[in-house]
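None of these values were measured; they are calculated from a predicted model. Below, chain A is the first sequence line, B the second, and so on; all start at residue 1.
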4 protein chains.
Amino acid sequence: MKLTTNQIFDFNKHEDDSYESEIDYLNNKFSKKGISVDEIIKKLGSFNVAIPSWALGAGGTRFGRFSYGGEPSSLEQKLDDIGILNSLTKTAGAVSLHIPWDIPSDVNAIKEKAESHRILFDAMNSNTFQDQPHLEHTYKFGSLNSVHKNAREQAVEHNKEVIRIGKELGSKSLTVWLADGANFPGQLNFQTALQNTEDSLKKIYSDLPEDWRMFIEYKPYEPNFYSTTIQDWGTSFMLANACGEKAMTLVDLGHHLPNTNIEQIVATLMLKGKLGGFHFNDSKYGDDDLTVGSIKPYSLFLIFNELVYGMENNSQNPDLAWMIDASHNTKDPLEDLIQSLEAILIAYAQALLVDRKALYEAQQESDVVKCQELLQDAYRTDVRSLLKAARKETNAAINPLEAYRSFKVRKQLIEERGTSSRASGL
Amino acid sequence: MKLTTNQIFDFNKHEDDSYESEIDYLNNKFSKKGISVDEIIKKLGSFNVAIPSWALGAGGTRFGRFSYGGEPSSLEQKLDDIGILNSLTKTAGAVSLHIPWDIPSDVNAIKEKAESHRILFDAMNSNTFQDQPHLEHTYKFGSLNSVHKNAREQAVEHNKEVIRIGKELGSKSLTVWLADGANFPGQLNFQTALQNTEDSLKKIYSDLPEDWRMFIEYKPYEPNFYSTTIQDWGTSFMLANACGEKAMTLVDLGHHLPNTNIEQIVATLMLKGKLGGFHFNDSKYGDDDLTVGSIKPYSLFLIFNELVYGMENNSQNPDLAWMIDASHNTKDPLEDLIQSLEAILIAYAQALLVDRKALYEAQQESDVVKCQELLQDAYRTDVRSLLKAARKETNAAINPLEAYRSFKVRKQLIEERGTSSRASGL
Amino acid sequence: MKLTTNQIFDFNKHEDDSYESEIDYLNNKFSKKGISVDEIIKKLGSFNVAIPSWALGAGGTRFGRFSYGGEPSSLEQKLDDIGILNSLTKTAGAVSLHIPWDIPSDVNAIKEKAESHRILFDAMNSNTFQDQPHLEHTYKFGSLNSVHKNAREQAVEHNKEVIRIGKELGSKSLTVWLADGANFPGQLNFQTALQNTEDSLKKIYSDLPEDWRMFIEYKPYEPNFYSTTIQDWGTSFMLANACGEKAMTLVDLGHHLPNTNIEQIVATLMLKGKLGGFHFNDSKYGDDDLTVGSIKPYSLFLIFNELVYGMENNSQNPDLAWMIDASHNTKDPLEDLIQSLEAILIAYAQALLVDRKALYEAQQESDVVKCQELLQDAYRTDVRSLLKAARKETNAAINPLEAYRSFKVRKQLIEERGTSSRASGL
Amino acid sequence: MKLTTNQIFDFNKHEDDSYESEIDYLNNKFSKKGISVDEIIKKLGSFNVAIPSWALGAGGTRFGRFSYGGEPSSLEQKLDDIGILNSLTKTAGAVSLHIPWDIPSDVNAIKEKAESHRILFDAMNSNTFQDQPHLEHTYKFGSLNSVHKNAREQAVEHNKEVIRIGKELGSKSLTVWLADGANFPGQLNFQTALQNTEDSLKKIYSDLPEDWRMFIEYKPYEPNFYSTTIQDWGTSFMLANACGEKAMTLVDLGHHLPNTNIEQIVATLMLKGKLGGFHFNDSKYGDDDLTVGSIKPYSLFLIFNELVYGMENNSQNPDLAWMIDASHNTKDPLEDLIQSLEAILIAYAQALLVDRKALYEAQQESDVVKCQELLQDAYRTDVRSLLKAARKETNAAINPLEAYRSFKVRKQLIEERGTSSRASGL
């Protein structure tokens with residue numbers, strides 16, 4: 001199914017427009033500080049976040065999975081789902097594919113399908129954390145870090161194949177997430193594992209097209225519960241430096257130990273020109289992969305505060321690849337993603353409202369109270385009217401979630417696809 | 001020094017009144033849901049939080065302390081500071097004393113001083129975690145839990161004395177926080193320590209006047225780093241039940257292990273009628289005692305969401321004792337407290353805006369997406385205009401922090417007290 | 001397959017017996033302190049730990065699963081596997097079944113099979129965290145805590161059925177582990193969820209035979225990532241008290257927030273006569289379900305130190321139900337279990353070596369250094385010779401892991417069952 | 001006071017020598033694996049750990065401090081205390097000074113005093129986390145990272161002075177620990193703070209003598225509770241690389257977020273030739289600074305396992321600076337240090353017992369069970385007899401703690417120094 005521009009337009013006609021008075025209020029308040037609400041609305045309208053192909057079906061835990069009706073069971077259907085999201089929000093104009101789950105059988109057909117939804121192909125994701133039926137060598141004991149040369153080479157070759165597929169589709173980047181690690185002390189020689197990882201990454205890097213980038217993820221634990229070879233940003237950063245200019249660190253919000261100051265990591269990486277991409281989600285305990293902004297919205301704001309600062313001041317750091325990486329165990333995946341996109345834009349808008357000139361001055365004076373006031377003045381502002389304005393201008397639904405429900409999208413998807421379809425993947 | 005009503009009134013006259021249009025906007029939006037903004041403003045105006053006497057000076061860590069000019073060096077001066085806070089906010093109308101730091105030499109004079117600032121005497125705090133010069137038995141190895149009968153009895157007697165002093169001043173409750181625990185495995189017999197604690201608490205409880213309550217704090221660690229005898233709410237709850245109806249659990253936001261779901265503890269205690277009081281602060285790592293709302297404002301809102309629910313539905317739970325328990329290592333303590341009071345009122349106002357009828361229905365339907373929308377609709381609302389209205393009505397300063405700075409309060413305090421005065425205590 | 005007593009006997013004949021000199025050394029050292037090494041050997045020989053039926057196949061994570069050859073695919077085969085474990089160790093003489101995974105089609109045949117391996121039926125485990133094909137009501141939004149009466153009643157009925165099956169088999173206890181909770185703030189009304197859970201548990205309890213016990217587990221998170229209705233020991237303890245004398249708390253080592261002092265919880269529960277059972281495993285980050293003793297062996301010792309103390313001093317607390325609850329993602333499950341049993345016995349032996357009289361005296365004198373020395377003197381002792389002696393006396397293999405490998409058990413299981421069999425369950 | 005060689009010799013004569021039979025047992029067991037117990041004894045005998053001058057008095061927390069009789073109140077007395085430790089253990093042959101607490105008034109006298117105790121001057125520690133009476137600029141808002149040029153320069157100059165003092169004494173390294181960070185979001189511009197820190201460190205580095213090294217510590221939090229500029233090993237490593245070859249990372253065991261895999265950090269740094277030094281202590285919650293090995297002895301072993309591997313295989317990494325950095329809130333500081341030294345040697349001995357050839361082979365075969373067996377075989381070995389042998393050979397006390405008590409050292413120190421002396425510092 002597909003939502004048409006007319007449908008959205010009609011929906012918007014009947015929406016409450018009282019938010020416009022709020023924009024006047026904000027405009028009045030912030031223009032005094034030299035902050036243009038109109039420019040913020042423009043920036044919100046042009047912000048885009050990639051949707052990973054695996055996020056469109058029900059997620060699960062090791063204790064089971066509760067499925068959802070109307071799940072997409074093919075790459076085409078996944079693109080359709082993203083098309084719906086993009087029609088509703090105009091913020092979801094890219095897909096991030098996962099190989100081997102999303103190998104296109106007909107590349108041109110897939111490209112046309114994506115084109116029809118105005119969806120770009122963002123970073124390609126490789127998978128060397130699961131065994132596949134046709135593979136000769138197991139990844140049970142590692143992939144790029146493996147003591148087994150055959151497993152390493154198979155994993156390197158897989159990544160090269162992912163690059164090949166990505167080139168055909170028009171992607172410009174490869175994301176490498178490695179589960180490689182150990183469940184028990186002694187299982188791995190840390191030094192060998194790290195050295196093998198570096199060597200393998202360099203081999204993949206050597207196949208990277210000139211205009212591509214390679215993103216190296218880090219994560220402290222899960223699915224391995226004693227050690228992970230790329231356990232933190234420091235390791236990823238070291239490996240990216242060893243590979244070369246096109247290799248960069250990717251930050252996934254859920255991939256940190258309890259209480260990590262993530263915004264400081266973001267600032268450090270941007271200062272060094274090595275922040276490549278960002279995976280959004282939220283969590284309370286571990287890599288919970290919950291809806292963005294559902295647990296710690298202030299942290300999200302503080303991170304965007306650094307991202308906005310970096311985008312304005314760090315020309316050494318290239319444009320970032322944004323992606324949502326959440327798991328939908330409880331909610332309708334599309335509703336979950338709509339809520340995530342909303343939370344991302346809210347944090348972005350609030351970060352854009354920070355009076356940076358005044359903040360700079362307060363920092364120079366070590367006026368800590370004032371610094372906090374300045375950040376919280378932006379954060380406490382209700383920016384939802386700005387999002388609505390941005391959506392209206394881009395012909396998205398002013399209230400995407402309400403529109404989704406009023407169009408009875410899920411009902412239609414179930415009619416089309418049935419209740420037992422299943423998104424490939426985890 | 002003292003701020004007069006006229007000073008505040010004059011200050012308010014010159015303040016921007018554009019917030020009033022915001023109230024109209026909120027009124028319009030929320031009245032449709034049956035939520036009265038006027039009632040919320042009234043509730044905000046009558047909310048009061050006790051200020052602990054030890055929070056008026058600079059705090060510190062084991063690595064040192066950076067002092068602040070104009071610190072109060074007597075109980076009278078502490079009351080003056082709270083008087084200033086109360087004039088500015090009308091939300092700080094109570095003091096929580098700490099014995100032996102705040103033993104009044106002249107009870108009547110102190111009562112008059114408090115009266116003059118319209119300050120009530122909230123919970124009394126005992127101290128059995130430090131040795132005092134005149135004490136015969138050390139608390140180095142515990143107090144109420146001690147294997148040493150003499151130390152236990154001395155600690156029980158101290159708590160009884162605190163009750164006596166509190167009775168003279170008009171307080172109605174005793175807060176017992178115990179550092180008792182062990183730095184090393186084996187140091188304590190857990191069972192004996194718990195039994196001794198229970199016995200000692202019962203002895204104190206037996207001296208509690210009929211109209212008093214006894215609050216039992218819990219904390220997992222610090223200053224002991226292996227075990228704390230009252231390590232969690234479960235232990236406090238068990239001890240409170242053993243003592244009797246007037247004994248209750250007190251929740252300090254910073255006294256939890258990483259990632260604890262505190263709002264669930266609040267809900268459980270209120271359901272059981274055993275939540276006695278609340279110590280506000282914020283933290284990222286441990287018991288950091290930072291400004292309320294400075295790190296995790298959404299958590300604070302979720303906690304207030306349960307508190308408001310409980311206050312509306314749990315008649316079995318008595319009125320709560322509210323207190324700020326923060327440590328001011330960096331900021332001017334009075335500015336820090338003003339920011340904390342602001343954050344508390346914001347969270348309270350947001351929690352009052354939750355559409356509880358709709359939430360109940362969404363919960364009945366397991367509409368998880370809607371449940372989140374309902375909470376976040378309240379949280380994302382900018383409620384600062386409501387706080388301003390409440391302050392205006394109570395003759396507090398519309399912008400307390402600005403007022404504090406414009407009145408040059410700190411400068412005057414330094415002139416009065418000098419730069420090397422020091423608040424007694426830690 | 002089955003290992004015969006003769007096989008074990010022959011194996012032992014060829015084992016190195018130099019450990020016997022170690023026993024003399026220990027005997028000499030500890031008899032001076034009034035500690036009898038012989039008695040410890042006897043206690044080790046009679047210690048038994050239940051093996052859960054689901055632990056005999058490969059585990060997995062949400063990121064996938066690496067299977068193992070020769071996995072048992074029926075309840076009979078699971079009992080055979082435990083039979084092998086028990087022949088090798090004489091410490092695994094009980095099984096803990098999980099319904100519906102292990103519903104016996106022929107109760108008598110299963111009882112005979114168990115009898116033939118000298119395996120008892122320990123606690124029965126219910127499952128209301130997964131939907132089953134035949135079930136009418138989903139547990140997606142909770143079971144015993146559900147807002148949906150139908151789901152609650154279905155879950156209560158399931159537990160009653162588990163009791164019925166258990167009665168036929170000769171089990172004497174029911175373990176209730178609830179995944180019930182929420183992934184998002186607002187999803188659940190905490191108070192209603194807790195009240196529903198209490199009511200449901202009471203209904204199950206009302207069906208409990210006189211000589212049974214009901215164990216209530218707690219867990220802070222996973223599979224729900226915002227809240228779990230029975231989040232900690234305090235909640236479990238409160239619910240057990242509400243149900244009655246036969247209801248008790250069960251501690252699973254992996255079910256705690258970071259840094260929790262578990263041994264103190266154990267001591268508290270035993271003092272109150274409410275510790276019902278114990279699930280052993282180890283972990284570094286969350287509920288990692290790793291081999292017992294593989295990550296934090298000193299913590300395990302400290303817990304056993306409390307268990308031994310409680311078993312000797314707390315007649316108010318009944319005998320404990322011991323079980324291993326680990327997940328075998330990397331290792332051969334049987335080897336993993338052998339290592340776990342070894343670690344449990346080592347910790348138990350070390351705890352039995354603690355000079356409790358001297359410890360009591362050192363605690364009375366607050367001689368913290370001595371207290372630590374006494375615990376560590378026991379812990380630093382190499383007790384493996386005692387385990388060997390205990391095994392020799394009970395006709396278990398002196399070195400169970402070596403025996404397992406020398407008998408080529410896994411090879412035979414693969415020959416019997418193939419490489420693609422799969423243990424039912426998660 | 002001073003312990004003489006004769007005193008120790010006499011003490012040893014009366015000690016139980018049954019440990020010698022244990023050595024035979026170990027020798028017999030391990031020689032088969034090609035591991036020489038004699039060599040291990042030699043390595044234990046020559047291992048030396050520096051004692052920081054500030055560890056000889058009672059520590060404390062922000063909640064207070066319980067003092068200890070006979071604390072050293074001058075640098076001379078601190079050296080005497082270390083002399084006692086060194087006589088007893090022959091493992092404490094170095095001191096690590098802290099400036100300004102330990103500025104020697106008479107350099108030659110101090111050098112002679114140290115010489116007389118056979119104590120070397122290990123790393124010098126600078127202090128820019130506290131204000132000193134004579135300093136013009138406060139460190140309240142940072143030192144090397146400060147926005148205030150004057151504070152930065154003052155801090156750089158202080159570090160240069162520490163180098164000057166160290167040169168006179170014969171030290172060869174400078175340890176820089178920075179408390180620099182922020183208590184609140186917004187307080188610091190992360191990028192500026194990091195850049196300032198790098199620039200300041202380079203200025204200090206430019207003054208470093210050719211044969212010196214500079215150690216850069218990292219720490220996630222405390223005394224700042226929102227962010228610390230050098231928050232993790234990755235930041236320290238980046239800064240050390242920016243400074244040059246003589247700059248290296250220093251690992252303090254307590255300076256990590258919960259659950260950090262520290263041994264992997266150690267391995268990574270040694271592989272890259274950048275591990276400069278090590279601060280030993282133990283902790284359960286944060287930077288608790290407890291006695292080494294008192295909480296997580298297996299972690300300590302796993303770290304030593306990497307250290308031993310690195311010392312044998314990483315010629316790119318220079319010799320390490322070892323130091324104990326604990327705080328003695330409860331125990332007699334000297335007894336605490338004796339227990340720490342014991343725990344360090346035990347972990348070292350166990351790591352030396354690891355059968356590395358077999359481990360290598362098991363890792364090549366991904367025999368995870370065997371890998372664990374090999375590590376735990378070493379760890380479960382009671383190595384205390386080896387420590388005794390090493391001590392006997394070096395004329396240390398076979399049982400240092402017993403010797404300390406039998407010589408009534410503390411009693412004599414109190415007689416000499418009184419009960420109210422206080423070690424300078426925190």
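- The greatest number of non-hydrogen atom pairs below 4.5 Å with chain A, out of D/Val368, D/Ile265, D/Leu194, D/Leu375, is found for D/Val368.
- The candidate with the highest count of non-hydrogen atom pairs below 4.5 Å against chain D, out of A/Gly310, A/Gly234, A/Gly186, is A/Gly186.
- Taking CG of A/Leu300 as the reference point, atom CD1 of A/Ile295 lies at 12.5 Å (rounded to 0.5 Å).
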Please tabulate the donor-acceptor pairs under 3.5 angstrom that span chain A and chain D, backbone and side chains included.
from: A/His148; atom 1: NE2; to: D/Ser366; atom 2: OG; distance (Å): 2.9
from: A/Gly186; atom 1: O; to: D/Gln363; atom 2: NE2; distance (Å): 2.8
from: A/Asn189; atom 1: ND2; to: D/Tyr309; atom 2: OH; distance (Å): 3.2
from: A/Gln191; atom 1: OE1; to: D/Asn314; atom 2: ND2; distance (Å): 3.0
from: A/Gln191; atom 1: NE2; to: D/Ala267; atom 2: O; distance (Å): 3.3
from: A/Gln191; atom 1: NE2; to: D/Asn314; atom 2: OD1; distance (Å): 2.7
from: A/Glu198; atom 1: OE1; to: D/Lys272; atom 2: NZ; distance (Å): 3.3
from: A/Tyr226; atom 1: O; to: D/Asn261; atom 2: ND2; distance (Å): 3.0
from: A/Tyr226; atom 1: OH; to: D/Glu263; atom 2: OE2; distance (Å): 2.5
from: A/Thr228; atom 1: O; to: D/Gln264; atom 2: NE2; distance (Å): 2.8
from: A/Thr229; atom 1: O; to: D/Gln264; atom 2: NE2; distance (Å): 3.1
from: A/Asp232; atom 1: OD2; to: D/Trp233; atom 2: NE1; distance (Å): 2.6
from: A/Trp233; atom 1: NE1; to: D/Asp232; atom 2: OD2; distance (Å): 2.6
from: A/Asn261; atom 1: ND2; to: D/Tyr226; atom 2: O; distance (Å): 3.0
from: A/Glu263; atom 1: OE2; to: D/Tyr226; atom 2: OH; distance (Å): 2.5
from: A/Gln264; atom 1: NE2; to: D/Thr228; atom 2: O; distance (Å): 2.8
from: A/Gln264; atom 1: NE2; to: D/Thr229; atom 2: O; distance (Å): 3.1
from: A/Ala267; atom 1: O; to: D/Gln191; atom 2: NE2; distance (Å): 3.3
from: A/Lys272; atom 1: NZ; to: D/Glu198; atom 2: OE1; distance (Å): 3.3
from: A/Tyr309; atom 1: OH; to: D/Asn189; atom 2: ND2; distance (Å): 3.2
from: A/Asn314; atom 1: OD1; to: D/Gln191; atom 2: NE2; distance (Å): 2.7
from: A/Asn314; atom 1: ND2; to: D/Gln191; atom 2: OE1; distance (Å): 3.0
from: A/Gln363; atom 1: NE2; to: D/Gly186; atom 2: O; distance (Å): 2.8
from: A/Ser366; atom 1: OG; to: D/His148; atom 2: NE2; distance (Å): 2.9

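- Two residues are said to be in side-chain contact when any heavy atoms from C-beta on lie closer than 4.5 Å; A/Phe280 and A/Leu253 meet this criterion.
- Only the side chain of A/Leu359 comes within contact range of chain D, with heavy atoms under 4.5 Å apart.
- A/Phe278 has its side chain within reach of A/Ile303: a pair of non-hydrogen atoms, C-beta onward, lies under 4.5 Å apart.
- You'll find the side chain of D/Ile216 stays beyond 4.5 Å of the side chain of D/Met248, heavy atoms only.
- Considering only heavy atoms from C-beta on, A/Leu275 comes within 4.5 Å of A/Val251 through its side chain.
- D/Leu353 is listed as a side-chain neighbour of D/Phe30, based on a closest heavy-atom distance under 4.5 Å.
- Options A/Leu271, A/Val266, A/Val354, A/Leu302 differ in how many heavy-atom pairs under 4.5 Å they form with chain D, and the most are formed by A/Leu271.
- For chain D, no part of A/Pro220 is nearby; none of its heavy atoms comes within less than 4.5 Å.
- Looking at every heavy atom in both residues, A/Phe190 comes nearest to D/Ala267 through CB-CB, 3.6 Å.
- Nearest heavy-atom pair across D/Leu374 and D/Ala362 is CD1-CB, 4.2 Å.
- Residues A/Gly273 and A/Pro318 come closest through the heavy atom pair O-CD, 4.2 Å.
- Contact annotation for A/Met238: only side-chain heavy atoms (C-beta onward) come within less than 4.5 Å of a heavy atom of chain D.
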